[in-house]
Structure formats: structure tokens, C-alpha cells
Amino acid sequence: MDMHTVVVGTSGTTAQDVIAVARGNARVELSAAAVSALAAAREIVEALAAKPEPVYGVSTGFGALASRHISPELRAQLQRNIVRSHAAGMGPRVEREVVRALMFLRLKTVASGHTGVRPEVAQTMADVLNAGITPVVHEYGSLGCSGDLAPLSHCALTLMGEGDAEGPDGTVRPAGELLAAHGITPVELREKEGLALLNGTDGMLGMLVMALADLRSLYTSADITAALSLEALLGTDKVLAPELHAIRPHPGQGASADNMLRVLAGSGLTGHHQDDAPRVQDAYSVRCAPQVNGAGRDTLAYAATVADRELASSVDNPVVLADGRVESNGNFHGAPVAYVLDFLAIVAADLGSIAERRTDRLLDKNRSHGLPPFLADDAGVDSGLMIAQYTQAALVSEMKRLAVPASADSIPSSAMQEDHVSMGWSAARKLRTAVDNLARIVAVELYAATRAVELRAAQGLTPAPASLAAIEALRAAGVEGPGPDRFLSPDLAAADAFVRAGKLVSAVEPVTGPLA
């Protein structure tokens with residue numbers, strides 16, 4: 001385990017901390033201020049629990065059953081029962097990193113002092129994370145309103161020593177056995193605690209934070225592959241001039257144009273419009289790459305703003321306020337997060353779409369300006385990259401389906417008490433698939449573009465130094481160029497791994513300097 005430690009306080013957390021815990025196995029500690037805030041809020045809850053007047057979440061039922069007053073002797077059972085009944089997820093297991101992000105973000109809200117949970121419950125949450133115990137959470141069960149209820153319930157079940165969880169060795173065992181093996185005592189929930197563990201947007205937020213990190217890297221990689229394709233197609237880099245982008249000052253557009261221009265610096269391939277096949281302008285997929293990539297970058301920036309606000313939030317219902325009031329609210333509604341998750345799926349689909357159009361152009365002898373059909377060694381005997389483009393096209397088609405907004409839907413639940421929901425969890429789940437697909441699409445363009453640049457070099461033209469650095473790194477990583485006797489798919493998979501690991505960016509930046 002990574003020995004980096006993330007301290008959880010009362011004022012939220014950062015995207016970097018979420019990723020450190022979810023992907024880097026960073027340890028988690030509660031700050032002294034958080035422990036004090038937890039204890040103070042708990043005193044307020046216990047004082048209210050002792051009063052005869054019903055208080056929602058403390059001495060009442062939940063949702064459509066909130067009108068029932070629960071007697072003191074049944075309240076611990078009520079809190080256990082809400083966790084057990086709500087742990088009703090179905091389908092495949094959710095990825096370990098998603099569950100860790102979910103648990104950490106719930107701990108972040110609990111530690112704020114607005115939930116009324118005892119310090120020992122929060123400490124148990126930290127202990128489970130630090131032990132590398134991961135509750136089994138299922139794909140289906142959240143409507144993105146009243147929190148990610150079923151996913152969070154499966155996590156709370158683990159804290160109680162019930163249900164199944166995965167140990168640090170990857171083996172799924174009964175949660176009680178795993179807690180005992182790590183010296184962790186299961187929690188016995190009291191008033192409000194069961195509800196407080198379930199009522200947040202933590203799953204969809206965790207997936208948003210990780211998607212943003214992945215998309216930032218992919219957008220830089222996509223700028224590089226777009227530049228490589230422009231170079232291989234003997235396009236002009238004049239369209240990337242800063243003064244052109246300054247008169248339409250979208251920051252993402254300017255950043256993408258600058259990335260492409262720096263990748264193409266020193267190229268002997270660009271600007272051949274007046275050679276054997278004169279062209280006035282390049283095709284949109286080449287000429288407008290900064291505009292499309294840049295609009296996606298600006299959407300990422302907006303989504304990051306929403307994520308930062310949510311990371312600073314305390315999402316629960318009811319909440320304990322600083323003046324001692326315990327108030328019901330609607331902060332658990334996932335709409336703000338759901339919308340940007342859907343926005344990101346849309347821009348990812350469009351980035352994949354324009355990348356595929358460039359790949360297709362590289363492979364078509366009628367539009368590639370002197371490249372062999374399908375970039376084959378011996379066209380006809382060898383199909384070259386024909387089916388690589390088929391695969392890319394299939395991925396793009398799925399991306400378009402994934403871009404249909406989940407947040408435009410709502411299915412009423414809880415006897416019409418919860419009559420409008422965000423579907424944010426579903427938006428997050430499809431975005432994860434879209435991000436995976438986008439990496440594959442960018443990898444196919446990289447494979448085709450580097451092959452095309454090598455062929456141009458064989459024709460006696462001089463590629464940009466950054467292009468040569470990308471090709472050298474790709475080959476050093478074991479990604480071989482196509483040949484008549486070589487099966488292509490393993491090389492596509494290796495190119496995909498190369499892109500995902502950020503190796504394309506790290507190969508180019510020593511030549512170009514840091515890219516946006």
C-alpha cells in the first residue's frame with residue numbers, strides 16, 4: 001500500500017485526495033477538528049432523540065414512511081433495518097476504485113459534523129479503507145436521488161460486519177470474517193446513523209472525479225494524434241496560428257491549437273497544398289480539430305467546477321446545522337453532478353467521432369494524398385488497417401449511444417415521495433464505458449497516424465521531431481507497425497495501453513515542452 005496519508009477534515013476534500021485513496025490506496029486519517037465536530041453534532045442528535053417530539057431520521061421512519069414515530073427501543077433496529085433493506089443492488093460488481101471513492105467521499109461528509117454520526121463510526125470507515133477491504137457493490141440500485149442508496153447501503157453493511165467484501169488479496173469473503181481478521185469491530189448503529197451512511201451523491205461524484213482525470217490525459221493525447229494525422233495528410237499548420245484562435249477566444253480551443261502547433265514544429269510534411277494535388281483547405285476533421293477538441297476541454301473545465309463544489313459539500317438529509325437545528329433538505333438530489341456526467345459523455349463521443357474521420361481519411365487512397373490504400377504493405381494481399389478502422393467505427397457508434405443523457409429521465413419511487421430523480425449513477429456508469437472506448441479510439445488513430453508518418457518518411461519527407469519521438473516511444477513499448485504476416489489486434493491493444501498510461505504525452509513533451 002501507498003504510505004501517502006490523506007487527512008479528512010471538516011471542510012471537504014480535493015480531487016487529488018479522492019484519486020489517491022481510490023487508485024493509490026492512500027491511508028486515511030481523521031483530523032482532530034473532524035473528531036470534535038463529529039462529537040458535537042452527535043450530542044445534538046442524542047438530545048433530540050431524548051425528546052418526545054418526532055424528528056425526521058432520528059425518531060421517525062424514512063421516505064414515504066416518515067410519518068411513523070419510532071419508539072426508543074426500536075431505533076437501533078430501525079437503523080440496522082434501513083441498511084439491510086436498502087442493500088438491494090443487483091448485477092455485476094462495481095470496480096474496486098469506484099467503491100473506494102464512494103466510501104471515502106461518504107467519510108468526507110460524515111467528518112463534516114453535519115450528519116450526527118458518532119466519531120467511532122467514522123473511524124471504522126477509515127479503518128476499513130486502510131485495511132484494503134472493499135464492499136461488494138453492484139451495478140444497479142441507484143436512481144441518483146436520496147443519494148446512491150443501494151451502493152452506499154452495501155458499504156454500510158460491511159461496517160456492520162454483514163454481507164460480502166473483497167479483502168486486500170482480492171478474495172471475496174463474508175465481511176464479518178474480514179473485519180475480524182484486521183481487528184476491526186463491527187459498528188452497532190444508533191439514531192440517524194444508518195440514514196447518514198446512505199444519503200449522498202458519493203458514487204456518482206467519485207466516478208466524475210476519476211473520469212475528469214482520465215479525460216484530461218486523453219484530450220492531450222488526442223491533440224497529439226490530431227497533429228500526427230494532419231502531418232501525415234500533408235495538411236497545413238497555418239490554421240493553428242495563435243492570432244486565428246485569439247479572435248475566437250475559447251480557452252480550450254487555444255490550448256488545443258497550441259498543443260498541435262508545438263507537436264508539428266519543424267515538420268517537413270505540412271503545407272503541401274500546392275504540390276501534385278492542390279487543395280485550398282483541409283477537411284473539417286483536420287482543420288477544425290482545435291475547435292472540437294477545445295470545446296471538449298472547456299466542458300471538462302465546467303465539469304471540474306461542479307466537482308469541486310460537490311467535494312466541498314456536506315450531502316445528507318436531515319443535516320445538523322451549526323446553530324443546533326436538524327433540518328430536512330433536498331441536497332441529496334444528484335442533478336448538478338448528473339448533468340455534467342452527461343455533458344462529458346457527449347463531448348467524449350464527439351472527440352471519438354472526429355478522430356475516426358481522420359483515421360478513415362488516412363486509409364482512403366483517394367483522400368490521403370499519396371498514401372497506400374489502408375496503409376498496407378501490399379494492398380490486396382494485405383488489408384492493412386482496414387479492420388482497425390471498422391473497430392474504431394464500432395466504438396464510435398457505441399459512444400453515440402452512450403451520449404444519450406441519462407439525466408433526461410426520471411422514474412418515480414418510494415410511493416411517489418421521491419417523484420423526481422437524477423439518474424446520476426447511470427450517467428456515471430455509462431461515462432466510464434465512454435472513457436474506456438475513447439482511449440481505444442485515440443489509440444487506433446495513433447496507430448494509423450504513426451504508420452502514415454513512417455510511410456511519408458520513406459517517401460523522403462522529414463517528420464516533426466515530436467512525431468519521431470512518439471514513434472520511437474511507441475516502438476520501444478512493443479507496438480509494432482503492421483505487416484503482411486503480423487496479426488494486428490495485439491498491437492492495437494498495446495497502443496491502447498500506451499495511450500492509457502500517458503506514455504504518448506510523456507514521449508512528446510521532452511520535445512514540445514509541457515502540453516495543456
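When side chains are defined from C-beta on, Glu166 does not count as touching Leu178, because their heavy atoms never get closer than 4.5 Å. Using a 4.5 Å cut-off on side-chain heavy atoms (C-beta onward), Asn199 and Thr109 make no contact. A heavy-atom distance below 4.5 Å is found between the side chains of Leu515 and Ile224. Arg75 has its side chain within reach of Pro72: a pair of non-hydrogen atoms, C-beta onward, lies under 4.5 Å apart. The closest side-chain heavy-atom distance from Met103 to Pro135 is below 4.5 Å. For the pair Val94 and Pro151, the minimum side-chain heavy-atom distance is 4.5 Å or more. At a threshold of 4.5 Å between non-hydrogen side-chain atoms, the residues Val6 and Thr14 do not count as touching. Looking only at side-chain heavy atoms (C-beta outward), Met207 and Val337 stay at 4.5 Å or farther from each other.
Remark: the Asp342 side chain and the Ser407 side chain contain an N/O donor-acceptor pair separated by less than 3.5 Å. No side-chain donor from either of Arg309 and Ser313 sits under 3.5 Å from a side-chain acceptor of the other. Side-chain contact, Asp223 with Asn293: a donor N or O sits under 3.5 Å from an acceptor N or O.
Side-chain atoms of Asn130 come within 3.5 Å of backbone N or O of Val28 as a donor-acceptor pair. With hydrogens and angles ignored, the 3.5 Å screen pairs a side-chain donor or acceptor of Thr450 with a backbone N or O of Leu446. Not one N or O on the side chain of Thr115 forms a donor-acceptor pair closer than 3.5 Å with the backbone of Ala111. At distances below 3.5 Å, not a single donor-acceptor pair connects side-chain atoms of Thr171 with backbone N or O atoms of Gly167. When atom types are taken as modelled, the side chain of Gln392 and the backbone of Ile441 share a donor-acceptor pair closer than 3.5 angstrom. Panel note: side chain His86, backbone Ala150; no donor-acceptor pair is recorded below 3.5 Å. Using a distance-only test at 3.5 Å, with no hydrogens or angles considered, a donor-acceptor pair links the side chain of Tyr447 to the main chain of Glu480. A distance-only check finds a donor-acceptor pair linking the side chain of Lys430 to the backbone of Val404 [under 3.5 Å]. A donor-acceptor pair under 3.5 Å is formed between the side chain of Asn317 and the backbone N or O of Asn329. The backbone N or O of Gly144 sits less than 3.5 Å from a side-chain atom of Ser422, completing a donor-acceptor pair.
Pairing each heavy atom of Glu445 with each of Ala355, the nearest pair is OE1-CB, 3.4 Å. Contact detail for Asp17 and Thr13: the closest heavy-atom pair is CB-OG1, 3.3 Å. Among all heavy-atom pairs drawn from Ala434 and Met399, the shortest one is O-SD, 3.2 Å. Between Pro186 and Met160, the shortest heavy-atom contact is CB-O, 3.5 Å. What you find for Ala427 and Ala338 is that their closest heavy atoms are CB-O, 4.1 Å. For the pair Gly206 and Ala101, the tightest heavy-atom approach, listed with the atom from each and the gap, is CA-CB, 4.0 Å.
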Review point. Stepwise, does the side-chain contact (heavy atoms from CB on, under 4.5 Å) test hold for Leu215 with Leu438?
Key: CA-CA 9 Å; Leu215 285 169; Leu438 181 59; 3.8 Å; yes

Check your understanding: Going through the checks in order, is the side-chain hydrogen bond (donor to acceptor under 3.5 Å, both in side chains) test met by Thr220 and Arg216?
Key -> CA-CA 7 Å; Thr220 304; Arg216 288 188 188 102; over 6 Å; no

Practice item. Please report the C-alpha distance between Leu143 and Met423 in whole Å, then the side-chain angles of each, then the deciding distance to 0.1 Å, and finally whether the side-chain contact (heavy atoms from CB on, under 4.5 Å) criterion is met. Key: CA-CA 5 Å; Leu143 299 179; Met423 302 307 297; 3.8 Å; yes

Practice item. Just do the side-chain contact (heavy atoms from CB on, under 4.5 Å) check on Asp316 and Lys192 with the steps written out, would you? Key: CA-CA 11 Å; Asp316 193 17; Lys192 195 184 179 302; 2.7 Å; yes

Practice item. Run the numbers on Gln123 and Leu30 for side-chain contact (heavy atoms from CB on, under 4.5 Å), then give the verdict. Key: CA-CA 7 Å; Gln123 185 59 55; Leu30 294 170; 3.8 Å; yes

Practice item. Starting from the C-alpha separation in whole Å, work towards a yes-or-no answer on salt bridge (charged side-chain N to carboxylate O under 4.0 Å, His left out) for Glu162 and Arg80. Key: CA-CA 11 Å; Glu162 301 179 14; Arg80 289 195 301 272; over 6 Å; no

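By the side chain to side chain donor-acceptor pair (under 3.5 Å) test, Glu139 pairs with Arg429, sequence neighbours left out. A search for salt bridge (Lys or Arg N to Asp or Glu O under 4.0 Å) contacts involving Arg190 returns nothing, not counting sequence neighbours. Listed by chain and residue number, nothing satisfies the salt bridge (Lys or Arg N to Asp or Glu O under 4.0 Å) test with Asp164 (two or more places apart in sequence, or in another chain). The side chain to side chain donor-acceptor pair (under 3.5 Å) search around Asp350 returns none, not counting sequence neighbours.
Note that the CG atom of Leu300 and the OG1 atom of Thr305 stand 11.0 Å from one another [nearest 0.5 Å]. In this structure, OG1 in Thr433 is found 11.5 Å from CG in Leu395, a value given to the nearest 0.5 Å. Between the CD atom in Glu356 and the CG atom in Leu351 there is a gap of 12.5 Å [rounded to 0.5 Å]. With rounding to the nearest 0.5 angstrom, the CG atom of Leu129 is 12.5 Å from the CD atom of Glu29. Going from atom CD1 of Ile411 over to atom CD of Glu418 covers 13.5 Å, rounded to the nearest 0.5 Å. In this structure, the separation between CG on Leu195 and CD1 on Ile82 is 5.0 Å, given to the nearest 0.5 Å.
The residues Arg500 and Asp214 are annotated as not salt-bridged, no charged nitrogen and carboxylate oxygen being separated by less than 4.0 angstrom. Between Glu97 and Arg432 a salt bridge is recorded (basic side-chain N to carboxylate O distance below 4.0 Å). Taking the charged nitrogens against the carboxylate oxygens, Glu120 and Arg118 do have a contact shorter than 4.0 Å, which makes a salt bridge. Salt-bridge annotation for Glu191 and Arg42: present, with a side-chain N of the basic residue lying under 4.0 Å from a carboxylate O of the acidic one.
A 6.0 Å sphere centred on NZ of Lys503 holds no more than 12 heavy atoms belonging to other residues, nucleotides or ligands. No more than 12 heavy-atom neighbours from other residues, nucleotides or ligands sit within 6.0 angstrom of CD on Glu472. No more than 12 heavy atoms of other residues, nucleotides or ligands lie within 6.0 Å of OH in Tyr339, so this atom counts as exposed by the packing criterion. The environment of Glu177 atom CD is dense: over 12 non-hydrogen atoms of other residues, nucleotides or ligands sit within 6.0 angstrom.
Residue pairs satisfying the ring-ring contact (aromatic ring centres under 6.0 Å, His included) criterion with at least one member in residues 395-432, sequence neighbours excluded, are listed as follows: His333-His420. Residue pairs satisfying the side chain to side chain donor-acceptor pair (under 3.5 Å) criterion with at least one member in residues 147-158, sequence neighbours excluded, are listed as follows: Ser142-Asp148.
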